[in-house]
Amino acid sequence: MNISLSKNLARQWARIGPRGIYGQSLLSIAEDSPNIFAISADLGNSSGLDRFKSKYNERFLNIGIAEQNMIGFSSGLSTLGFNVFVSSFAPFITLRAGEQVRMNLSYMQSNVKIVAIGSGVSMGFLGNSHFGLEDISVIRSLPNIPIICPCDCFEVFKAVEALGNYEGPAFLRLTGASPASIVNKEDYEFTIGKSITLIEGNDILILAHGIVVSNCIKAAGILKEKYSINAQIMNVHTLRPLDDKIKDLISKYSLVVSVEEHFVNGGLGTILSELITLESIDNVNLLKIGFPNAFLKSGTYEQLLNRYKLNPDNLAQEIYNRFTEY
Amino acid sequence: MSSNQLFNVELLEADALSIRRKILELAFNSGGGQHLGGGLSMVEIMCYLYSSVLNIESIKSKSSNRNRFILSKGHGVLGFYPVLHHYGLISTETLSTYKQELSELISHPIRNLNFGIESSNGSLGHGLSYGLGIAHGLNLRDFDSKVFVLIGDGECNEGSVWEAAMSASSLKAKNLTCIVDFNRFQSDGPTKEIITQDNLAERWSAFGWHVIEIDGHSFKDIHNSFNCKTDFNKPKLILARTIKGKGIDFMENDNSWHHGRLTESTYKDSLSRLGK
């Protein structure tokens with residue numbers, strides 16, 4: 001694949017948004033990978049797959065509004081050498097078809113990639129039925145399935161490219177609406193399971209995934225400007241397997257902050273608290289920022305991020321407040 | 001290999017008898033509760049599949065173009081492992097590990113192509129979607145082999161069965177055959193007292209399948225149904241009327257043998273009833 005990632009392209013892709021870029025990414029890798037197959041449970045267009053469908057009609061299937069059948073079918077199809085990408089909204093694919101994911105992907109380790117479109121709260125006024133705030137929690141309770149949550153549209157492409165070459169089940173979680181915020185403006189190395197240092201700093205460690213990573217970068221700017229606090233920011237695009245280096249990094253900071261568009265339980269914050277307990281890491285304070293474990297009142301994507309304090313100002317304030325407690 | 005050349009009712013009857021004996025031995029030797037009723041009801045279908053439809057050598061060599069069998073009613077392993085053994089896919093030593101600690105052969109199938117086991121099952125309503133995916137893949141790869149999925153009538157309570165049923169006819173999966181082991185019982189009792197199955201043939205037919213109703217213990221019926229051509233690129237549904245606990249008179253239609261334990265005396269008794 002020869003796509004040259006540039007600042008202009010980043011802006012263009014951000015306007016298209018993560019879902020559209022998912023479909024385009026699959027389209028671009030399908031050319032060199034004849035085993036890529038795309039299936040959707042009647043959300044092909046919502047998954048940006050319209051062009052894929054017209055170009056590779058024989059490698060696309062709308063299986064109907066039947067997520068359980070979609071997962072079982074994909075698992076069977078993968079035994080003929082196909083690398084099957086299935087897409088639907090996060091809860092439909094992780095919960096409605098949860099046992100199919102467990103039996104077929106987790107247990108039998110089929111070569112199927114689950115793509116949860118519109119995860120987090122990007123579905124806004126479509127409400128709790130469509131939010132993906134427990135999908136990481138659900139998937140990470142099942143063995144054998146890596147979990148990837150890209151921070152911007154470039155990273156959606158990088159993740160799809162990596163998963164095109166990855167044998168086995170995996171979960172790709174797309175957050176954010178369009179236009180999406182931009183973190184990466186040029187090409188970079190993306191490896192499943194390797195987190196990326198975006199900003200270096202000695203005072204606080206912020207670990208985040210998904211579209212809210214860009215809000216963390218802005219929050220770090222505020223912390224530095226207003227309070228002269230230097231935050232290190234890590235893009236933890238792979239939640240499982242968790243990068244080994246995170247364990248060592250955590251022990252160097254007195255305050256570690258997790259920021260995620262997920263329930264505050266069951267996601268990265270929980271993964272880190274388990275790690276801290278398991279490794280008996282002393283003298284670390286962990287601040288977990290995410291959504292409360294509740295059904296939420298609706299709003300636009302931006303309103304929801306603001307109301308639950310995942311915007312840069314609130315993030316900076318909350319982190320500062322906790323930092324000054326010690 | 002043409003199935004007609006292999007069709008020999010006497011040989012098949014002898015296979016079925018030998019497999020029922022093996023089922024009883026296996027159930028008794030491993031001890032504890034066993035899914036005997038549903039294992040015994042599927043024996044003739046399985047004998048026919050493994051003697052005349054599936055190709056043992058292509059299963060052993062894991063050929064991509066092999067005919068495949070999926071045991072979706074996963075608790076039916078007593079009607080499965082002894083069959084794999086009888087037709088030379090697993091050794092006596094392997095069979096003897098059944099329900100031993102760490103064994104690959106437990107009360108529900110675990111995918112293991114070395115043993116000819118195509119999928120992990122145990123939760124009902126999974127096998128038909130999986131089989132359909134394989135059938136579709138075979139078509140895409142231009143292979144002419146077929147997929148056979150065995151489900152239970154109780155299993156037809158699961159909504160996912162009907163998702164797969166709709167999908168199969170939409171995809172014109174004519175290389176897919178689903179066999180319903182229609183023994184009219186499920187775990188808690190007769191199916192008619194739980195979810196009525198009186199018009200099961202019509203339901204499958206309405207979902208776009210070519211439905212053939214047979215006596216699931218008659219090799220002639222089974223042979224004819226497997227060799228019958230379907231219309232209009234439809235997937236095939238063989239509704240096989242069977243008797244739960246078939247072959248052991250005191251187990252037949254007695255649902256306490258859905259999951260029952262053989263004592264030494266019931267074991268000896270059941271062996272003496274075989275073939276009578």
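Chain letters run A, B, ... following the sequence lines, proteins first, then strands; residues in each count from 1.
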Structural part of Leu138(B) lying under 4.5 Å from a heavy atom of chain A
both

Measuring heavy-atom distances to chain B, does Leu61(A) have an atom under 4.5 Å in its side chain, in its backbone, in both, or in neither?
side chain

Give every donor-acceptor pair between chain A and chain B closer than 3.5 Å, one pair per line, or write none.
{"from": "Asn35(A)", "atom 1": "OD1", "to": "Arg141(B)", "atom 2": "NH2", "distance (Å)": "3.0"}
{"from": "Gln68(A)", "atom 1": "N", "to": "Glu163(B)", "atom 2": "OE1", "distance (Å)": "3.4"}
{"from": "Asn69(A)", "atom 1": "N", "to": "Glu163(B)", "atom 2": "OE1", "distance (Å)": "2.9"}
{"from": "Asn69(A)", "atom 1": "OD1", "to": "Ser129(B)", "atom 2": "OG", "distance (Å)": "2.6"}
{"from": "Asn69(A)", "atom 1": "ND2", "to": "Ser167(B)", "atom 2": "OG", "distance (Å)": "3.0"}
{"from": "Leu80(A)", "atom 1": "O", "to": "Arg141(B)", "atom 2": "NE", "distance (Å)": "2.9"}
{"from": "Leu80(A)", "atom 1": "O", "to": "Arg141(B)", "atom 2": "NH2", "distance (Å)": "3.1"}
{"from": "Glu99(A)", "atom 1": "OE1", "to": "Ser123(B)", "atom 2": "OG", "distance (Å)": "2.7"}
{"from": "Glu99(A)", "atom 1": "OE1", "to": "His126(B)", "atom 2": "NE2", "distance (Å)": "2.8"}
{"from": "Glu99(A)", "atom 1": "OE2", "to": "Ser123(B)", "atom 2": "OG", "distance (Å)": "2.8"}

More than 12 heavy atoms of other residues, nucleotides or ligands under 6.0 Å from CD1 of Ile65(A): yes or no?
no

Based on non-hydrogen pairs under 4.5 Å, which of Gly133(B), Gly122(B), Ala164(B), Ala135(B) is most in contact with chain A?
Gly133(B)

One pair to check against side chain to side chain contact (heavy atoms under 4.5 Å, CB included): Phe73(A) and Leu171(B). What are the steps and the verdict?
CA-CA 12 Å; Phe73(A) 180 98; Leu171(B) 292 169; 3.5 Å; yes

If every non-hydrogen atom of Leu140(B) is compared with every non-hydrogen atom of Leu77(A), which pair is closest and at what distance?
CD1-CD1, 4.0 Å

